[in-house]
Amino acid sequence: MNREDRAETIAMTLLWLGGIALFVWSWHLSGSFWAALLATVVGGFFLVVLAGPLVAAAAFVLSLAADLIWPRR
């Protein structure tokens, strides 16, 4: 797996975990599954739009760090 693919995988995982955390937090606060689902759809859109570039940059840095820790032969 090359650096860009690894960074994309890390970024997608971080965004998925952020979406799941948003859903669980919304469900805990509202007590309603449907309200939490609606909040996750709306909030998830803004999560991807606003935090997406930061998550992508962090994922690329993590991928670079992984290359330094575990170099390919």
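When a residue number appears, it is its place in the shown sequence, counting from 1.
- Under the 4.5 Å side-chain heavy-atom criterion for Ile, Leu, Val, Met, Phe, Trp and Tyr, Val42 and Phe45 are members of the same hydrophobic cluster.
- Rounding to the nearest 0.5 Å places CD of Glu8 at 12.5 Å from CZ of Phe60.
- The side chain to side chain contact (heavy atoms under 4.5 Å, CB included) with Val55 is formed by just one residue from the set Leu50, Ile10, Leu15; it is Leu15.
- Not a single donor-acceptor pair under 3.5 Å links the side chain of Ser63 to the backbone N or O of Ala59.
- For the residue pair Thr40 and Phe23, the shortest heavy atom distance occurs at OG1-CA, 3.1 Å.
- One finds the CG atom of Leu62 at 7.0 Å from the CG atom of Leu14 (value rounded to the nearest 0.5 Å).
- Of all non-hydrogen atoms in Thr9 and Thr13, the two that sit nearest each other are O-OG1, 2.8 Å.
- Atom CZ of Phe46 sits in a sparse spot, with 12 or fewer heavy atoms from other residues, nucleotides or ligands closer than 6.0 Å.
- Across all non-hydrogen atoms, the minimal contact from Trp27 to Phe33 is NE1-N, 3.6 Å.
- Across all non-hydrogen atoms, the minimal contact from Ser30 to Ala36 is OG-N, 4.0 Å.
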